[in-house]
Amino acid sequence: MVELPLQLVARGKVRELYEVDDEHLLLVASDRLSAYDVVLPTAIPDKGAVLTGLSVWWFDQLADLLPNHLVTARTSQFPEVLQPHADALRGRSMLCRRLSMVPVECVARGYLTGSGLQDYLQTGGLCGEQLAPGLVDGSRLPEAVFTPATKAAVGDHDENVSYAAVVDLLGAELAAELRRLTLAVYGRGATLAAERGILLADTKLELGHDTGGRLMLGDEVLTPDSSRFWPAGSWQPGQAQPSFDKQYVRDWLDASGWDRTAPGPELPDDVVERTREKYVQAYEHLTGSSLDSWLREA
Ligand code: Q0N
């Protein structure tokens, strides 16, 4: 990780957000990887660049649906104080507009798994909306559903809430706008991914208002860390689907005897290399450009 001459304003499991000035933040994606909710000690080279490059590409694909917080990912356009760190930041950082974030995680699901599946098994529905009986892990939903969640304290899982709870918290107008935009982003992402043989099971967005009151996308979008991507060819409801990006890591961890408590084990070189290849292939397959071209551009 780089030491930057900036104040840290927020830190996630695998990325950090720094204050640049009153109106701007720097979002830095690390090469760290989490599995079973634990950040592993072994980095995956270029993972941060892949996620940042994908996010920037998606922002462009989504630009007709809604604006986003990206100012620039070109390090030469970053403020002067960051120029000594340009090489460390290249490809994996975005200068962003500072937003007032909406205090709801905006999730859309087209398939049932994870916390959506748990909700369904406990209630027969999703965030308060009834679903047909008999659905299983990996089932395709008849239509994509907005499943908002409220942010939990660090380390805890977000809590799924009903649409009515979002209306109570934010008002009917903003709630409707969040649902509309989240489903529009999911729909565009799912369509584009499907053209490349990839299922977009679900995705989580962070939205916020700029100083002019305009609602826009923040954070990263439609990356393997914010979304579940499944290979369409092996989709089989009734079981856990293989992850597009992390499956080698999960398989190796499962066989290692690790009890899923921190700290996780170091990964062997071949698992690191195969996982890196999955990320690079995901970038190149989705965007149609090479990762090297992204690194040269950034
Ligand atoms: C912000 N988070 C979510 C990144 C994500 N443009 C922005 N303006 C103001 N606040 C935020 C953003 C953005 N993006 C988003 N927290 C603050 C969680 N973080 C955790 C750290 O990495």
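When a ligand or atom number is given, it counts from 1 through the structure's own listing order. Worth knowing before you read on, the calculation uses all heavy atoms, side chains too, and leaves out hydrogens, waters and symmetry mates.
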Novice: Salt bridge between Arg15 and Asp225, side-chain N to carboxylate O under 4.0 Å?
Specialist: no
Novice: For atom 8 (N) of ligand 1, find the nearest protein heavy atom and state the residue, atom name and distance (0.1 Å precision).
Specialist: Leu99 N, 2.8 Å
Novice: Enumerate the atoms of ligand 1 whose separation from the nearest heavy atom of Arg98 is less than 4.0 angstrom.
Specialist: 8 (N)
Novice: For residues Phe59 and His69, establish whether the separation of their ring centroids is below 6.0 Å.
Specialist: yes
Novice: Test side-chain contact (heavy atoms from CB on, under 4.5 Å) on Val50 and Thr223 and set out the steps.
Specialist: CA-CA 9 Å; Val50 164; Thr223 65; over 6 Å; no
Novice: With heavy atoms under 4.0 Å as the rule, classify the contact between Val9 and ligand 1 as side chain, backbone, both or neither.
Specialist: neither
Novice: When the ring planes of Tyr111 and Trp230 are compared, do they come out parallel, tilted or perpendicular, using 30° and 60° as the limits?
Specialist: perpendicular
Novice: Quick check on Gly208 - does any of its heavy atoms sit under 4.0 Å from an atom of ligand 1?
Specialist: no
Novice: Starting from atom 3 (C) of ligand 1, locate the nearest protein heavy atom and write down its residue, its atom name and how far away it is, to 0.1 Å.
Specialist: Glu206 OE2, 3.6 Å
Novice: Within 45° of the ring axis of Phe146 and under 6.0 Å from its six-membered ring centre, is that where the NZ or CZ of Arg179 lies?
Specialist: no
Novice: Report the nearest protein non-hydrogen atom to atom 7 (C) of ligand 1: residue, atom name, distance rounded to 0.1 Å.
Specialist: Leu25 CD1, 3.6 Å
Novice: Give me the nearest non-hydrogen protein atom to atom 5 (C) of ligand 1 as residue plus atom name, then the distance to 0.1 Å.
Specialist: Asp219 OD1, 3.5 Å
